[in-house]
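Reviewing the structure listed below.
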Amino acid sequence: MKFLKYLSVLSTIAMMFVLVGGALVTKTESGMGCGANWPFCYGDWSLEMFIELSHRIVSGATGFLVLLLSILSWKLIGHIRETKFLAFISIFFLVAQGLIGAAAVLWSQSDFVLALHFGISLISFAAVLLLTLLIFEIDQKFDASSLNISASYRKQFIWLTVYIMFVVYSGALVRHIDSSLACPSWPFCNNGQPFSFDYHLGQWVQMGHRLLAGIAFVWTWVIFFKIKRDYRNHRVMYLGWMIATIFISIQVILGAFVIFTIGNLIIALLHALFITLFFGLLCYFLLLSYRSSRM
């Protein structure tokens, strides 16, 4: 179990590098850094080739880690009812994102299809994170077994998770069609003419993403105030959602700073990282909701 704990933490961190690395490949337009070759890399050395090759190596190594984690989790904590499902999901979606990445290199794909790549990786990350939380018995440490989440909250968590997938897809689409700076101002596309809607496609996608992210931000804060009222004495519920609210708030601020810093690469990667962390934590609340519904 000690080895399994180390492996789960390493796998979770590695999955974060895969997600952020994928965002780096897109932001630097390094997807074809190895030419139309997969899994091998051919061509003259360049920054784009280094970024793409590094992403492939990290993704491949992570695949072996996640596969080993899935097998050992199935064997050692398979008695926990969610383990086998999470083990399957983590490796299935990791393989799926790898195949989509390969297809993008070998055959030309539309930006709308390529934007799915990040979301699929996100699901795999969430499954690995949940496995890690099960391995470390987070539920027992925070006495989550005594938590009874009402049906209304369970529905909120489910619908917010589905909604966040649309937010993530729209953000990935912004990167893939290179429209991160399509609007020079924030929060409006042009603060000098806030109600002008004479947009081209990139601006429509950019503003659509901002609107979806803004709704998710408000929705998360509304749930937080309700949880503060109804579950103040349940640490896993109150503190967990407080952290989730902090994550979504930082993510929105970083989104604004992408514009203010004129597309700073580090800010853009942090922007992708915090939505990853938020989604992973949100999926933990789905797990709590599922357990509560069976009480």
Side-chain angles (χ1 to χ4, degrees), residues 15-30 111-112 114-123 125-126 129 159-197 199-225 241-283:
M15 280 301 306
M16 292 172 60
F17 275 104
V18 170
L19 284 158
V20 175
L24 177 63
V25 169
T26 303
K27 291 294 293 183
T28 58
E29 299 183 356
S30 302
D111 293 323
F112 292 89
L114 292 175
L116 294 170
H117 188 65
F118 187 81
I120 292 174
S121 301
L122 200 58
I123 295 173
F125 165 78
L129 176 63
W159 283 113
L160 181 56
T161 303
V162 174
Y163 181 80
I164 288 296
M165 290 302 297
F166 285 100
V167 178
V168 167
Y169 177 79
S170 67
L173 187 59
V174 166
R175 291 197 300 269
H176 278 284
I177 66 173
D178 197 24
S179 63
S180 297
L181 298 176
C183 292
S185 304
W186 192 91
F188 299 103
C189 192
N190 185 344
N191 289 341
Q193 297 178 308
F195 300 108
S196 174
F197 299 102
Y199 298 157
H200 56 69
L201 176 62
Q203 291 174 323
W204 277 113
V205 173
Q206 171 66 242
M207 292 307 297
H209 174 62
R210 291 187 193 182
L211 176 62
L212 292 175
I215 293 173
F217 171 77
V218 173
W219 193 348
T220 303
W221 271 97
V222 169
I223 294 176
F224 171 71
F225 286 122
W241 200 257
M242 179 188 293
I243 295 172
T245 306
I246 292 172
F247 283 164
I248 195 71
S249 300
I250 293 175
Q251 198 264 345
V252 169
I253 293 171
L254 288 170
F257 269 86
V258 169
I259 306 301
F260 298 152
T261 60
I262 316 179
N264 180 274
L265 183 59
I266 301 300
I267 298 295
L269 295 180
L270 288 173
H271 183 63
L273 173 63
F274 274 93
I275 195 62
T276 299
L277 296 173
F278 175 78
F279 184 79
L281 192 52
L282 183 56
C283 287

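For the single chain, residues carry numbers from 1 onward in sequence order.
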query: Parallel under 30°, tilted from 30 to 60°, perpendicular over 60°: which one fits the rings of W221 and F224?
result: perpendicular
- prompt: Ignoring hydrogens and geometry, is there a side-chain-to-backbone donor-acceptor pair from W241 to T220 under 3.5 Å?
  reply: yes
- request: Could you tell me the separation between the OG atom of S180 and the CD atom of Q206, rounded to the nearest 0.5 Å?
  value: 6.5 Å
- prompt: Of all heavy-atom pairs between R175 and A272, which one has the smallest distance, and what is that distance?
  reply: NH1-CB, 4.4 Å
task: Check whether any side-chain N or O of N190 sits under 3.5 Å from a backbone N or O of S185 as a donor-acceptor pair, and report yes or no.
output: no
Flag, side chain of Q251 to backbone of F274, donor-acceptor distance under 3.5 Å: no
query: What are the two closest heavy atoms between Q203 and C189, and how far apart are they?
result: NE2-SG, 3.7 Å
Distance, nearest 0.5 Å, that separates CZ of F278 from CG of L122: 11.0 Å
message: Between Y199 (side chain only) and V205 (backbone N and O only), is there a donor and an acceptor less than 3.5 Å apart?
response: no
- request: Give, for atom CD1 of I248 and atom CZ of F279, the distance between the pair rounded to the nearest 0.5 Å.
  value: 12.0 Å
query: Are the side chain of H209 and the backbone of G171 linked by a donor-acceptor contact shorter than 3.5 Å?
result: yes
- request: Drop me the distance from I267's CD1 to T261's OG1, to the nearest 0.5 angstrom.
  value: 5.5 Å
Close aromatic pair by centroid cut-off 6.0 Å: F260 and F257: yes
message: I'd like to know whether OH of Y169 has more than 12 heavy-atom contacts from other residues, nucleotides or ligands below 6.0 angstrom.
response: yes
field: L281 vs L129 side-chain heavy atoms within contact, under 4.5 Å
entry: no
message: One pair to check against side chain to side chain contact (heavy atoms under 4.5 Å, CB included): F247 and T276. What are the steps and the verdict?
response: CA-CA 9 Å; F247 283 164; T276 299; over 6 Å; no
task: For C183 and R210, run side chain to side chain contact (heavy atoms under 4.5 Å, CB included): C-alpha distance rounded to whole Å, both residues' side-chain angles, the deciding distance at 0.1 Å, then the answer.
output: CA-CA 11 Å; C183 292; R210 291 187 193 182; 3.5 Å; yes
task: Give me the one residue out of I164, V162, V168 that meets side-chain contact (heavy atoms from CB on, under 4.5 Å) with F166.
output: V162
task: Taking all heavy atoms of L181 and all of V258, pick out the closest pair and write down the distance.
output: CD2-O, 3.8 Å
message: Can you tell me how far apart CE (M165) and CD1 (I120) are? Round to the nearest 0.5 Å.
response: 8.0 Å
task: Please assess T245 against I223 for the test side chain to side chain contact (heavy atoms under 4.5 Å, CB included), listing each intermediate value before the final yes or no.
output: CA-CA 9 Å; T245 306; I223 294 176; over 6 Å; no
field: Closest heavy-atom pair and its distance - C283, A126
entry: SG-CB, 3.6 Å
CG on L173 to OG1 on T26, rounded to 0.5 Å: 11.0 Å
